[in-house]
2 protein chains.
Amino acid sequence: MALLFVSSAERAAVWVSAFDAAGEKIIVGEEAVTDPAEITHLLCWTPPKDLQRYPNLRVVISAGAGVDQMPPLPEGVELVRAIDPGIEEMVRDWVVMATLMQHRAIPVYLARAQQGLWKPQPGRHAKNTRVGIMGMGRIGTLAAQTLGGMGFKVSGWSRSGRAVADVPVYGLQDLDVFLSQSDILICLLPLTTETRGILNADLFAKLPEGAALVHAGRGAQLDMQAMRDALDGGALSSAMLDVTNPEPLPADHWAWRDPRVIITPHIAAVTDHHAGSMHALEVIRATRDNRPLPGRVDQDRGY
Amino acid sequence: MALLFVSSAERAAVWVSAFDAAGEKIIVGEEAVTDPAEITHLLCWTPPKDLQRYPNLRVVISAGAGVDQMPPLPEGVELVRAIDPGIEEMVRDWVVMATLMQHRAIPVYLARAQQGLWKPQPGRHAKNTRVGIMGMGRIGTLAAQTLGGMGFKVSGWSRSGRAVADVPVYGLQDLDVFLSQSDILICLLPLTTETRGILNADLFAKLPEGAALVHAGRGAQLDMQAMRDALDGGALSSAMLDVTNPEPLPADHWAWRDPRVIITPHIAAVTDHHAGSMHALEVIRATRDNRPLPGRVDQDRGY
């Protein structure tokens, strides 16, 4: 068994020493492969075109927590997402930060600061602000707990509609009710056929007037022009995006220069190499022992 | 008994209806006073010069939670700070937001956004970041609980050095140890003789290299030039200020244009008129009943 890590030697340094220490084989870069038959595991953001080159490939591990960039894999090849203990908390931290920045009118104050303008405006208590979270997986649940603990009125929306701890969660068919109660809307959905383009004009129109958007799902879920229209029309007052459409956002895109929009370059989750290599080792051991693979993705459902 | 509210009729509207409903007398603006002898309570940010005009004045209520703007009051006149249930949570929210913004390098990403530059940089898990809170009163305790709940390693520093819940708190004499362990330093201290100018070159030099500053105490505690030198020299990497020195910050001040510094115009706590009038009514009733005044300030200690 060997892991082929599609990366540069520089980036892979931490991985190589972790694999050496564990007595497992790692090969960095396709050009370093001498015997394709020994490759059983492949770690990459997107796989090389010619996967047929590796007759014994059993598992592809995504370099990120998301897997929507992955093409369909050959029959019998498992797909695993990156697992970094702490990465979900890291995304939660970004979401809580972005929500507070919207709640406390940071886009307004940043614009005033650029003019050297010291001008307070009335604020709101968290307990009077309703936060709606689309996607109540592990990250959504963590965000709901932290924001709820700070006094925000939190509700969720998910496929199952299953309540999480003390947080009410609306099901698929109750999207409109959920949206009408979301002063700050947080998107944490995975990218699927159903969620592609879900943040559109129709959805923005169902939010309370002047709502704020916090987007840490996937760029392809967001219609940026519809967001701009909603900002201009007053349906939205501001937005904070960690993902954009397209991504990366071109330097001349209007959103960079719109004071109502704050953008971070997909850094809500930043992979930690140490955590990544520990997870890959665990996947290899699980494969050998015929145990369930940590982070295994159901390739039909897409998450 | 009557409350003189030094304010405009427009700002006082909520107050007048609350006092009417409670059957208590309120007078808005000194020019509306016909019988100075009936004024027993005065609500203001700073009092009028000639307090001798009100022979029966017993209590001055500060319009804000801070009282350092108040001059010494005549013998026998009590000083009370504004109490808004929820205002401390509001400051906590600002502090948590500012801490997360420093932790997640928002000053760096805002500067890149201005150039339309999509460029991620490595991030840190909260559990690897040490947060030090100067001032462990109610707000400091709330902030410690929320940040600790998110995984940050939190410690405090206070006059008493009394531990709060699970948070270790250093005493006065252990300031240097406390500072050496504060990757993000939060100042929530009241302004006293001892804390004036406390955020100076000497203090910044004791922080870990590249630390971040979050300041929601008082402007006069901060030596802005020393902060600039610390930013230039690398002792500090960034700062987020809700209070400045001087305050308001003039439009042409360098700090507005320094990308390492984010400034909000003293809005961590924004007074809510409803909560303010409820508190003032309670102070009047307590005066009449000879009960302890809610929010009473020890004028010798200054808080």
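Letters go in sequence order (proteins before strands), and every chain restarts at 1. Both backbone and side-chain heavy atoms feed into the values below; hydrogens, waters and symmetry mates do not.
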Residue selection (most heavy-atom pairs with chain A, distance under 4.5 Å) from [options]:
options                                : value
B/Thr99, B/Leu142, B/Thr244, B/Ile262  : B/Thr244
B/Gln115, B/His266, B/Met101, B/Arg257 : B/Met101
B/Ala268, B/Ala113, B/Gly149, B/Pro250 : B/Ala113
B/Val108, B/Leu249, B/Asp252           : B/Leu249

Under 4.5 Å from any heavy atom of chain A - which part of [X]:
X        : answer
B/Leu117 : backbone
B/Asp242 : backbone
B/Gln121 : backbone
B/Ile106 : side chain
B/Thr264 : both

Heavy-atom distance under 4.5 Å between the side chains of A/Leu241 and A/Met224, does that happen here?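 In contact.
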Should A/Arg104 and B/Met90 count as side-chain neighbours, where that means a heavy-atom distance under 4.5 Å?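 Touching, per the 4.5 Å side-chain cut-off.
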Chain B interface, residue from [options] that has the most non-hydrogen pairs under 4.5 Å:
options                               : result
A/Ala105, A/Ala126, A/Pro120          : A/Pro120
A/Glu247, A/Met97, A/Arg112           : A/Met97
A/Ala98, A/Pro248, A/Gly123, A/Ala255 : A/Pro248

More than 12 heavy atoms of other groups within 6.0 Å of A/Lys127 NZ: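 Yes - once you tally the heavy atoms of other residues, nucleotides and ligands closer than 6.0 Å, there are more than 12.
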Quick one: do A/Asp258 and A/Arg228 make a salt bridge, cutoff under 4.0 Å? no
Test side chain to side chain contact (heavy atoms under 4.5 Å, CB included) applied to A/Asp183 and A/His103, A/Arg124, A/Lys153, the passing residue: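 By the side chain to side chain contact (heavy atoms under 4.5 Å, CB included) criterion, A/Asp183 pairs with just one of A/His103, A/Arg124, A/Lys153: A/Arg124.
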When you compare the side chains of B/His125 and A/Glu89, does any donor N or O come within less than 3.5 Å of an acceptor on the partner?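 No.
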Establish, from distance only, whether the side-chain atoms of A/Thr146 and A/Arg92 form a donor-acceptor pair under 3.5 Å. yes
Assign the ring pair B/Trp118 / A/Trp256 to parallel, tilted or perpendicular, where the plane angle (0 to 90°) is split at 30° and 60°. perpendicular
